[in-house]
Amino acid sequence: MTTRARIRTGLSIAAAALALTGCVTNPVTGRSELTIISAQQEVAMGANAYAPMQQSQGGQFRLDPAVSEYVARVGQKMADVSDRDLPYEFVVLNNGVPNAWALPGGKIAINRGLLLEMDSEAELAAVLGHEVVHAAAKHSVRQMQRGMLLQALVVGTAVVTSDSDYGQLAAGAANVGASLLTQAYSRGAESEADLYGMRYMSRAGYDPQGAVDLQRTFLALSANRPASGPSLFASHPPSEQRLAANAATVQELPAGGIVGRDSYAAAMRTLTETAPAFARYDAGRKALAEKNYDAAMQHARAAISAVPAEASFHGLAGDIELMRNDTADAITHYTRALDRDATFFYYHLQRGVARERRGALDGAEVDLKNSLKLFETAPAQYTLGKIALARRDTGEARQRFAAAAQSQGDVGLAARGELMRLDLGNNPGQYINVRSGTDDSGQLLVRVENPNPLAVRGLVLRIRYLDDSNQVRDIQRTLNGTLSAGTGTTISTGLGPFTSAQQFEVTLLSAALAE
């Protein structure tokens with residue numbers, strides 16, 4: 001596509017995006033707001049992301065279903081008095097980090113770690129009411145829309161200054177929703193969620209003083225925790241100003257209401273009683289990360305002895321044995337974890353990995369595919385690719401490695417290496433980057449880069465260009481030596497001078513692995 005055509009396309013897309021916008025009344029604040037995401041799209045986005053988000057953060061807390069039932073009852077009381085009818089859902093996640101979040105469409109989660117920091121039903125209502133407001137007032141959607149509109153408005157410039165086409169730019173805009181939970185809400189959104197959440201508390205019969213007590217707790221906690229990572233304090237930063245605003249709001253609302261300290265303590269009894277075992281689990285995870293396997297196993301065994309019904313403790317023991325390469329014991333521990341909770345992807349994944357290492361390919365394949373039904377991961381795809389290779393099914397292996405190669409980190413690199421072994425000879429241009437241009441004197445330069453984990457050799461370039469007689473010339477250049485992993489080189493072709501990029505074209509004809 002020519003530069004002029006790209007500009008026309010970009011501006012057309014920007015115009016189309018703006019044409020789809022409209023003004024609607026925010027059901028919570030009553031303000032007129034610009035919208036490009038329909039209510040149906042909003043609900044669908046939240047519904048589609050809800051299960052994967054839960055899986056990515058520990059899965060649901062299954063040890064005591066009564067905890068989740070209690071939280072859902074309190075949450076539904078807050079949802080019933082909200083200003084917007086949504087398919088609200090509330091779950092408790094098996095995660096020790098103090099956090100709670102809301103997806104578009106009313107899908108809300110709270111971690112067991114946050115439940116342990118509170119001491120009344122009113123404080124729980126304050127947290128859930130705050131998240132209900134985020135959903136009802138479309139705070140996440142507004143963040144997403146700002147990103148989409150900004151990208152639409154600048155696309156006319158972006159397509160000219162970037163090597164990416166609009167399809168790649170649109171993919172970036174579409175991914176904004178996936179990062180919403182790691183972004184801090186605006187001060188305005190947090191103030192709205194505090195204010196209207198307290199009004200919802202009062203409507204539902206709770207003492208809004210619970211929101212003030214909660215902010216005091218959060219201020220104390222945040223002083224001792226880093227403001228980064230997946231915590232409430234990263235996305236919902238507490239402050240003295242918010243505390244003062246909540247205290248002022250209490251004066252505007254009817255006094256009194258449900259506090260519910262005894263009911264909360266009774267509902268959280270299992271969490272309170274098992275907290276020491278979960279502390280041993282956390283210490284075991286830390287020791288495992290430090291490769292102190294003996295200490296990690298001591299913590300895992302202590303946690304299992306205290307609470308044998310908790311699946312994650314057995315999963316930790318499995319991880320330790322897998323790191324020790326004792327796959328038989330690892331499989332035993334993962335099976336015990338699955339006996340207690342088969343709804344969490346991780347135990348399926350890890351048992352599948354252990355089984356593949358032992359050569360039990362049929363069982364490994366079942367486990368890995370079950371894990372993918374719950375949550376898409378690169379390790380599952382990569383290990384399935386290895387199984388397909390062992391069965392000499394190169395077509396499926398290529399598909400599995402391609403899926404895994406989209407991820408970052410060691411697994412993604414390993415998958416790209418396997419793909420190169422299978423596919424480099426047929427599609428060298430998919431793996432080796434070639435760019436061309438001219439220097440100040442118009443001489444043709446070629447930049448060749450190998451962003452992969454394996455070294456390559458035997459690179460053959462095809463150069464087509466217009467000579468002084470306006471005739472098409474076609475030559476080949478072979479790069480001598482090896483291009484190491486993660487490196488590049490610039491080649492002076494000796495051709496030129498050229499006055500326009502339309503006068504030459506450079507492609508990669510062939511390449512081979514150097515190993």
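Side-chain contact, Arg358 with Thr327: a donor N or O sits under 3.5 Å from an acceptor N or O. Side-chain N/O atoms of Gln76 and Tyr88 include no donor and acceptor closer than 3.5 Å. A side-chain N or O of Tyr431 and one of Asp423 form a donor-acceptor pair less than 3.5 Å apart. At a cut-off of 3.5 Å, with distance as the only test, a side-chain donor of Asn94 or Glu310 sits close to an acceptor on the other residue. A donor and an acceptor atom, one from each side chain of Arg31 and Thr25, are nowhere located under 3.5 Å apart. Between the side chains of Arg112 and Asn95, no donor N or O sits under 3.5 Å from an acceptor N or O. Side chains of Glu192 and His134: no donor on one and acceptor on the other come within 3.5 Å. Side-chain N/O atoms of Tyr382 and Thr377 include no donor and acceptor closer than 3.5 Å. With hydrogens and angles left out, the side-chain atoms of Asp83 and Tyr196 include no donor and acceptor closer than 3.5 Å.
Ion pairing of Lys386 with Glu356 is present here, as a side-chain N (NZ or NE/NH1/NH2) and a carboxylate O approach within less than 4.0 Å. Between Glu365 and Arg391 a salt bridge is recorded (basic side-chain N to carboxylate O distance below 4.0 Å). One finds a salt bridge joining Glu42 and Arg84 here, because a Lys/Arg side-chain nitrogen approaches an Asp/Glu carboxylate oxygen to under 4.0 Å.
Remark: Gln406 engages no residue in a side chain to side chain contact (heavy atoms under 4.5 Å, CB included) (not counting sequence neighbours). Evaluation of the side chain to side chain donor-acceptor pair (under 3.5 Å) rule for Arg285 yields Tyr281, Asp319 as partners, not counting sequence neighbours. Under the side chain to side chain donor-acceptor pair (under 3.5 Å) criterion, Arg62 pairs with Thr343, sequence neighbours left out.
When the shell of 6.0 Å around CZ of Arg269 is examined, it contains 12 or fewer heavy atoms from other residues, nucleotides or ligands. Sparse packing is recorded around CZ of Arg301, with 12 or fewer heavy atoms of other residues, nucleotides or ligands lying under 6.0 Å away. Shown here is Asp410, whose CG atom has no more than 12 heavy atoms of other residues, nucleotides or ligands within 6.0 Å. Residue Asp339 qualifies as enclosed at atom CG: its count of foreign heavy atoms under 6.0 Å is above 12.
In this structure, the separation between CD1 on Ile331 and CD on Gln350 is 11.5 Å, given to the nearest 0.5 Å.
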